[in-house]
Amino acid sequence: MAQPLEGAASLTALIAWANAEIVKITRHVSPDMWKRHLGLMLGGLRLSASPLRPAALSSEEIIAAVRQNT
């Protein structure tokens with residue numbers, strides 16, 4: 001059975017790993033997008049939700065991010 005600290009460390013590692021990909025993909029289009037992604041991940045762990053910042057990427061920004069990373 002995992003100790004509580006081990007579970008927290010695993011969750012922290014998972015969040016960091018997932019956020020690293022967001023940083024890599026969106027860094028040229030929206031350098032702060034990692035904050036929104038982190039907010040989504042942490043928000044899923046909270047009992048109550050709060051507004052996400054920055055705003056979601058537009059369709060054009062998503063296309064630009066994909067093009068710069070392919």
Side-chain angles (χ1 to χ4, degrees):
M1 185 159 143
Q3 299 296 319
L5 186 55
E6 290 175 5
S10 296
L11 181 60
T12 302
L14 175 65
I15 290 171
W17 172 75
N19 226 12
E21 289 302 307
I22 296 298
V23 169
K24 185 171 116 181
I25 292 169
T26 63
R27 69 184 179 271
H28 298 296
V29 176
S30 181
D32 289 337
M33 190 49 56
W34 68 269
K35 295 175 185 177
R36 181 178 178 85
H37 186 255
L38 180 60
L40 282 168
M41 295 189 80
L42 295 177
L45 300 173
R46 287 190 200 113
L47 296 177
S48 62
S50 57
L52 294 172
R53 297 287 176 236
L57 292 176
S58 68
S59 297
E60 293 81 15
E61 289 172 320
I62 292 170
I63 292 167
V66 170
R67 285 185 178 154
Q68 288 182 359
N69 288 282
T70 54

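Worth saying up front: this structure is predicted, and the values here are computed from it rather than measured.
In terms of modelled atom types and a separation under 3.5 Å, the side chain of Glu61 and the main chain of Ser58 share a donor-acceptor contact.
Atom CD in Gln68 sits 12.5 Å away from atom CD1 in Ile63 (nearest 0.5 Å). For the atom pair CE (Met33) and OG1 (Thr26), the distance works out to 6.5 Å, reported to the nearest 0.5 Å. Rounded to the nearest 0.5 angstrom, Leu57 CG and Ile25 CD1 are separated by 10.5 Å. Atom-to-atom distance recorded for His37:NE2 and Asp32:CG is 15.0 Å, nearest 0.5 angstrom.
Applying the side-chain contact (heavy atoms from CB on, under 4.5 Å) test to Pro31 and every residue at least two apart in sequence or in another chain returns nothing. Here Leu38 pairs with Ile15, Asn19, Trp34, Leu42 under the side-chain contact (heavy atoms from CB on, under 4.5 Å) rule; sequence neighbours left out. Every residue two or more places apart in sequence or in another chain was checked for a side-chain hydrogen bond (donor to acceptor under 3.5 Å, both in side chains) with Asn69, and none qualifies.
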